[in-house]
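Heads up, the thing below is written out as structure tokens.
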4 protein chains.
Amino acid sequence: MKIKPTYALLIIDMINDLEFSSGVQLLPHALDAAEKITVLKKEVKALDIPVIYVNDNYGKWQSDFRYLVDHCLQEEVRGKPLANMLQPDESDYFILKPKYSGFYATPLELLLEHLNINTLILTGVTGDMCVQFTANDAYMRNFGLMIPSDCVASHTHHINQQSLHTMKEVVKADISPSSLLLEKLKKNT
Amino acid sequence: MKIKPTYALLIIDMINDLEFSSGVQLLPHALDAAEKITVLKKEVKALDIPVIYVNDNYGKWQSDFRYLVDHCLQEEVRGKPLANMLQPDESDYFILKPKYSGFYATPLELLLEHLNINTLILTGVTGDMCVQFTANDAYMRNFGLMIPSDCVASHTHHINQQSLHTMKEVVKADISPSSLLLEKLKKNT
Amino acid sequence: MKIKPTYALLIIDMINDLEFSSGVQLLPHALDAAEKITVLKKEVKALDIPVIYVNDNYGKWQSDFRYLVDHCLQEEVRGKPLANMLQPDESDYFILKPKYSGFYATPLELLLEHLNINTLILTGVTGDMCVQFTANDAYMRNFGLMIPSDCVASHTHHINQQSLHTMKEVVKADISPSSLLLEKLKKNT
Amino acid sequence: MKIKPTYALLIIDMINDLEFSSGVQLLPHALDAAEKITVLKKEVKALDIPVIYVNDNYGKWQSDFRYLVDHCLQEEVRGKPLANMLQPDESDYFILKPKYSGFYATPLELLLEHLNINTLILTGVTGDMCVQFTANDAYMRNFGLMIPSDCVASHTHHINQQSLHTMKEVVKADISPSSLLLEKLKKNT
């Protein structure tokens with residue numbers, strides 16, 4: 001018996017002021033990914049696929065996700081254009097994570113169970129850190145993985161490509177670019 | 001070597017609209033506890049003990065803690081007087097929990113590690129459910145426990161007393177009332 | 001849609017040398033429970049219900065479960081008659097737990113998922129500690145619970161009755177005695 | 001204040017019959033690593049560093065670690081020479097893991113806490129899977145990492161080198177070969 005895939009789109013660490021030293025380097029790559037994620041988000045919502053912001057709390061244990069969004073939108077921070085493009089809707093979900101993996105010490109697994117999801121579409125930054133740590137934990141929990149190559153960014157193109165390659169090999173992710181992934185989703189949902 | 005106790009005050013499920021059938025029954029007990037917790041909170045903050053709201057998300061996965069506070073303060077809900085008394089300060093921490101225990105599928109353990117806490121002061125509702133589930137999980141993680149008897153409420157006085165008795169016996173909690181507990185804290189901090 | 005219950009029998013901490021001060025007090029209660037569990041185990045195995053020994057590692061991190069069994073069978077320890085009655089078969093599963101709950105820091109949840117179980121039959125010692133901690137964790141993970149009253153033991157009859165009452169009320173356990181439970185199982189499997 | 005490092009040697013998945021299709025390919029690499037781990041193990045034990053076998057249960061939920069050892073030693077399996085070289089001593093610890101990471105659904109974290117360890121020496125197979133998944137989880141839990149390059153093996157030399165490089169970059173592992181690592185340990189313990 002083949003189980004019908006049920007999807008969620010995860011947007012990892014894109015609500016991000018990028019106010020750290022290597023943020024300058026990451027910004028252009030993150031902007032490219034943000035554009036693609038913006039389109040992908042709109043399209044998957046039309047297919048009734050839930051969107052979950054999985055975001056670092058940046059050690060601000062007294063802050064909400066909405067506060068992080070406001071901080072990135074209203075202050076002159078490096079990551080402002082990312083937050084502008086990727087403003088969460090009221091219907092979007094969010095998980096604040098204290099460490100790299102979206103699953104570690106968070107309710108993400110319970111939320112996915114609650115939404116009856118078995119396949120994750122991972123997007124965001126950075127490919128070699130939070131995306132990969134989240135992908136590994138998802139794989140151990142038997143989730144199928146789609147990681148559209150143009151929706152993930154890292155500090156260099158080389159590191160990003162290497163991470164994508166690793167995730168294809170190790171956690172069997174489908175790394176087709178978002179346009180191709182959307183075609184597949186439209187067939188399957 | 002005796003390890004010096006380091007404390008955090010946990011306020012469990014007191015940001016609560018009580019808009020469920022047994023909420024009428026719970027309200028008077030919760031109000032009594034809220035008064036005591038309000039005093040305790042003020043006093044422990046003077047001792048630089050951090051305060052952590054550990055609160056149910058009530059299945060509202062798209063909501064922040066601040067939203068829950070606003071909902072309880074601004075709408076005519078049964079639990080409004082609780083939220084009024086126990087409004088969180090900007091310096092307070094919060095953890096949204098999806099289930100009964102504050103430790104299950106949340107970052108509570110990491111937050112306590114980050115704050116370097118080894119002893120928890122548990123308060124809130126209800127004694128036999130979320131307080132006890134949290135107490136059990138704290139005990140397995142080697143936290144010392146103080147559960148001031150007048151700062152915990154349940155649907156009946158009898159159930160509350162029984163829960164306190166169980167927590168004294170099983171997880172070795174100090175269930176002295178809050179006035180006595182404060183004396184001990186003032187000696188130890 | 002009602003989901004068909006699928007059962008596993010958990011035998012908690014019955015492979016136990018009882019070589020601790022209160023072991024004398026626990027022994028007669030544990031023996032009574034062991035007799036009932038022995039019968040229950042035989043009957044549920046005939047119904048193809050898997051049996052899982054969920055057992056403390058007693059701080060012996062270098063030992064296997066089989067070693068614990070041998071220790072209890074071959075040395076003149078207080079808990080020898082328990083191990084004699086409840087010798088594990090080759091087809092039985094086991095989980096060594098480092099703390100009170102069978103779910104904490106163990107693969108129990110994955111094993112139950114692997115076996116496709118949604119309802120647990122909890123038995124063993126002690127009602128107020130490891131059985132109750134395991135019951136709470138099972139309840140948070142949405143397992144149905146059957147805790148046959150004559151298959152659980154504690155240091156006193158009173159504490160045992162209180163624990164059973166609490167588990168009936170708090171985690172909605174069916175605490176019918178084993179004979180009645182077997183009738184229900186035979187109808188449902 | 002600098003915290004003094006306290007070490008444990010983890011030997012990952014080396015008790016392994018290699019009776020899977022790619023086992024032929026892995027064997028020579030695993031043998032090379034096994035020789036180096038054998039020497040390293042002997043030397044660290046002389047320094048009173050605990051040794052922990054972190055081993056897959058291979059889906060055999062009814063088996064002990066000792067059973068796995070016997071299976072690899074006494075049957076004519078491909079991985080027999082590995083088990084021969086790396087036979088566990090009575091004083092060694094072991095953790096059976098159901099998935100790739102040694103931390104997922106196991107008591108490993110509690111054992112390390114019990115032993116008061118803050119720095120892990122990771123060895124074994126395969127570099128890109130179980131070693132890397134374990135390294136990631138260790139990093140999120142703030143363990144320091146030493147992953148001696150000649151004590152880790154993968155299906156190809158290229159994949160192994162890439163994994164080591166990734167672990168050096170992402171989880172800040174010291175990947176000096178075992179001879180150099182031993183010099184450092186001797187200075188620090």
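These values consider heavy atoms only, across backbone and side chains, with no hydrogens, waters or symmetry-generated copies. In the text below, chain A, chain B and the rest are named by the order of the sequence lines, each starting its count at 1.
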When B:Y104, B:Y93, B:F103 are compared by non-hydrogen pairs under 4.5 Å with chain A, the top option: B:Y93

Go through the atoms of [X] and report whether side chain, backbone, both or neither lie under 4.5 Å from a heavy atom of chain B.
X: A:P107; result: both
X: A:E90; result: backbone
X: A:D64; result: both
X: A:K99; result: side chain

Selection residues 16-60 of chain A - residue pairs positive for ring pair (Phe, Tyr, Trp, His ring centres under 6.0 Å), sequence neighbours left out: A:Y53-A:F65

I'd like to know whether [atom1] of [X] has more than 12 heavy-atom contacts from other residues, nucleotides or ligands below 6.0 angstrom.
X: B:F133; atom1: CZ; result: yes
X: B:K80; atom1: NZ; result: yes
X: A:K41; atom1: NZ; result: yes
X: A:K45; atom1: NZ; result: yes
X: B:K184; atom1: NZ; result: yes

Which heavy atom of A:Q62 sits nearest a heavy atom of B:R66, and at what distance? O-NH2, 3.3 Å

Report the residue from B:L115, B:L110, B:I52 that forms a side-chain contact (heavy atoms from CB on, under 4.5 Å) with A:W61. B:L110

